[in-house]
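Below, read A as the first sequence line, B as the second, and so on, with proteins coming before strands; counting in each chain starts at 1. The structure displayed is predicted, hence computed values, not measured ones. Heavy-atom basis, side chains included; hydrogens, waters and symmetry copies ignored.
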Protein chains: 2
Amino acid sequence: MTTSLSPEDRLRAAGQRITSQRLLLLRLLDASDGHLDAESLFHAAQQEMPEINLSTIYRNLEVLTRAGLVAQRYFARDHSREYFELATTAEHYHFTCTQCGKIIEFETPLIAQVRSDLKRQHNVNIRHACICFEGLCPDCIPQSQP
Amino acid sequence: MTTSLSPEDRLRAAGQRITSQRLLLLRLLDASDGHLDAESLFHAAQQEMPEINLSTIYRNLEVLTRAGLVAQRYFARDHSREYFELATTAEHYHFTCTQCGKIIEFETPLIAQVRSDLKRQHNVNIRHACICFEGLCPDCIPQSQP
DNA sequence: TCCTTTTTGCGAATGATTTGCAAATATCGG
DNA sequence: CCGATATTTGCAAATCATTCGCAAAAAGGA
């Protein structure tokens, strides 16, 4: 596990230069629930670093993602916007409520099983999976009785 | 099953107007492997209907999707482009080869199980799942021995 | 510290998808 | 079959998240 490394050391271990912008991004992602898009990260970052630029956010999200420190996700059906979370958390999947926008994280061994089934049946080498669910959360499901 | 209905009847049943553009789109999707984006459909459509406009393609893909006749998909990691297929086929998922672009379709009961598990554990009502895998297909996996 | 490479801020570009609008077309009641 | 009404189409321009080019600034190694 590399989870205990400091942001600096994680960058170093990944062979990436340590910049204040990258450390800030990692800190913001760590402090949040991890479901932030570039724009939100930009606004949050500006609080501490007013001169930071949106392109810097985008560029570093890509760097951090390729370095394996950050994971890029899509939520719900609209994939026109990318979201990011730290890659340090355990493998999990996301359900998004289309009504209230709440994101419910869950784990399941079934996706891993889909992967191995796919690998066995079709002899493919899976490198990446994009998986997300949407629907209504308990709070937004219309109840028959009060 | 509504699979046996003609395109006209499927549009009618869905309460949508029957236009030559919509019929053409349904025909093109039916004739293809179903993994086409708006631009490809546009080019194909122009063969038969030179005056058709790209916005018409986009608008009708949305109409047909909301009417349940067409399903919108994402393939591989790049979700900047949407693809479409007829919604008449059985529930299935896609694996995309990042090398040659080939798409392998597969079925699995495990996703349905994820749905019911999720419903049971978190009491959520899944309306839609977006699932896609990418990697190397058998033809593109480097072999150790010839 | 000096040099080389990488990163940053800035502004402009990209590219898929959307939208406003007036003309054309589909549906429906008679 | 015909005309009124609602919808759809073609066209051109707009959106909007993301990317890119470039010169100045910062990082890492000798």
query = OP1 or OP2 of C:dG11 less than 4.0 angstrom from a side-chain nitrogen or oxygen of A:Asn53, does that happen here?
reply = no
ask   = Atom OH of A:Tyr58 and atom P of D:dT19: how far apart are they, to the nearest Å?
value = 7 Å
inquiry  = For A:His35 together with A:Tyr83, are the ring centres under 6.0 Å from each other?
reply    = no
key: Donor-acceptor pair (no angle test) under 3.5 Å: B:Arg59 side chain, D:dG10 base   = yes
query = Considering heavy-atom distances to DNA chain C, does A:Met49 or B:Ser20 have its closest nucleotide positioned more toward the 5' end?
reply = A:Met49
note = The residue, A:Asp37 or B:Gln16, whose nearest nucleotide of DNA chain D is more 5′ is B:Gln16
ask   = With a 4.0 Å cut-off on heavy atoms, is B:Gln21 in touch with a base, just the backbone sugar-phosphate, or nothing at all?
value = sugar-phosphate
query = Of the non-hydrogen atoms in B:Phe95 and A:Ile126, which two are nearest, and what is the gap between them?
reply = CE1-CG1, 4.0 Å
request  = To the nearest Å, give me how far apart CZ (A:Arg81) and P (D:dC16) are.
outcome  = 10 Å
query = What nucleotide among C:dG9, D:dG28, D:dG10 has an atom nearest to a side-chain atom of B:Ile52?
reply = D:dG10
task = Rounded off to whole Å, could you give me the CD1-to-C1' distance for the B:Ile57 and C:dG15 pair?
result = 18 Å
task = Among C:dT27, D:dG10, C:dT8, find the nucleotide with the atom closest to the side chain of B:Arg17.
result = C:dT27
key: Common cluster, A:Leu5/A:Leu24, ILVMFWY with side-chain heavy-atom separation under 4.5 Å   = no
request  = Look at all strands and tell whether A:Glu51 reaches a base, only sugar-phosphate, or nothing, counting heavy atoms closer than 4.0 Å.
outcome  = sugar-phosphate
ask   = Where is the tightest heavy-atom contact between A:Tyr93 and A:Ala112, given as atom of each residue plus distance?
value = OH-N, 4.5 Å
query = Is there a donor N/O on one and an acceptor N/O on the other, under 3.5 Å, for the side chain of A:Ser80 and the base of C:dA16?
reply = no
key: A:Glu39, CD atom: more than 12 neighbouring heavy atoms under 6.0 Å   = yes
ask   = Could you give the CD-to-P distance, from B:Gln46 to D:dG10, as a whole number of Å?
value = 10 Å
message = So B:Ser55, base contact, sugar-phosphate only, or nothing? Heavy-atom distance under 4.0 Å.
response = base
remark   = Checking D:dT18, D:dT8, C:dT17 against the side chain of A:Glu82 (C-beta onward), the nearest is D:dT18
ask   = Given D:dG10, is OP1 or OP2 found less than 4.0 Å from the side-chain N or O atoms of B:Thr56?
value = yes
request  = Take the protein atom CZ of B:Phe42 and the nucleotide atom C1' of C:dT18, then report the distance between them rounded to whole Å.
outcome  = 15 Å
